[in-house]
Amino acid sequence: MPDTPAATQRARVRVPLRFPDGYSVDAELVTFHGLTDGQEHVAVVLGEPAPGATPLVRLHSECLTGDVFGSARCDCGPQLREAVERIAVTGGVLLYLRQEGRGIGLYNKLDAYALQDQGLDTYAANAALGLPEDDRDYTAAAQMLRALGITSLDLLSNNPDKADQLRGLGIDVHDRVPTGVFTTPHNVLYLRAKVLQTQHTLPLADLTGIGVG
């Protein structure tokens, strides 16, 4: 396990969350001191786990286009909405991580979209730009979890790399819980690429149709 410096909680503030479909829930937003990457990641604490229960945790990478503008080219917005409700029911935390475009940034992500329009999948588009397929590092996420007193969790994710990285950072991932499948005509090829290239646990047989990679 890497010798990672400890982060500390900086502030906690209660925020009522309201979603366009009418769902609402109260949350605590937590900020941190000492995160290794220097980014302003935020923990969204939802619900209260039952005594002795394992908290449900999602590592959600920021997606301006999907989370804010409702882009149909990815499944990020629906995953965020689903995660908030599921975590609020069982009790746990959503870590909102400033890792736009799998860590390459917003402008590069939009450049990659332009290449996807020419037929490349999401990973090949990154490579064509001279960028990593996935540049995300979850060291700060592990720091945040420890600062919240969480060292064992159920991970709400289709991405095996998130679980593998957390385990390598000393966090006990008891179970990996898949999210729903949120397909549109514009994201089917994107979702298929995630299954084929990075072994996301999505039902490949259901990801049929014509879309933009």
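- Sorted by first then second residue, the salt bridge (charged side-chain N to carboxylate O under 4.0 Å, His left out) pairs that include residues 84-96, not counting sequence neighbours, are R81-E85, E82-R86.
- Side-chain atoms of D135 never come within 3.5 Å of backbone atoms of I104 as a donor-acceptor pair (strictly under, hydrogens ignored).
- Here the side chain of Q116 pairs no donor or acceptor atom with the backbone of A125 at under 3.5 angstrom.
- Looking at residues two or more places apart in sequence or on another chain, you find no side-chain hydrogen bond (donor to acceptor under 3.5 Å, both in side chains) involving H33.
- Partners of K162 according to the salt bridge (charged side-chain N to carboxylate O under 4.0 Å, His left out) rule, which considers only residues two or more places apart in sequence or in another chain, do not exist here.
- The minimum heavy-atom distance linking A7 with L35 is given by the pair CB-CD2, 3.8 Å.
- Taking every heavy atom of both residues into account, T65 and E100 meet most closely at N-OE2, 4.4 Å.
- Evaluation of the ring-ring contact (aromatic ring centres under 6.0 Å, His included) test over residues 67-93, restricted to residues two or more places apart or in two chains, returns none.
- Taking 4.5 Å as the limit, some side-chain heavy atom of L59 sits within range of a side-chain heavy atom of V57.
- Each ring-ring contact (aromatic ring centres under 6.0 Å, His included) pair with one or both residues in residues 127-165, not counting sequence neighbours, would appear here, but there are none.
- Although no hydrogens or angles enter the test, the distance criterion places a donor-acceptor pair under 3.5 Å between the side chain of H41 and the main chain of R98.
- Counting only heavy atoms from C-beta outward, the side chains of D37 and D137 never approach each other to under 4.5 Å.
- By the rule that hydrophobic residues join a cluster once side-chain heavy atoms approach within less than 4.5 Å of another member, L94 and V42 end up as members of one cluster.
- Screening residues 47-61 for side chain to side chain donor-acceptor pair (under 3.5 Å) gives R58-H60, R58-Q79, H60-D67, S61-Q99, S61-R136 as the qualifying pairs, with residues at least two apart or on separate chains.
- Counting heavy atoms from C-beta on, the side chains of V44 and V84 never come closer than 4.5 Å.
- I87 and L80 fall within the same hydrophobic cluster, where Ile, Leu, Val, Met, Phe, Trp and Tyr residues are linked whenever their side-chain heavy atoms come under 4.5 Å apart, directly or through other members.
- For the residue pair L46 and A27, the shortest heavy atom distance occurs at CD2-CB, 3.6 Å.
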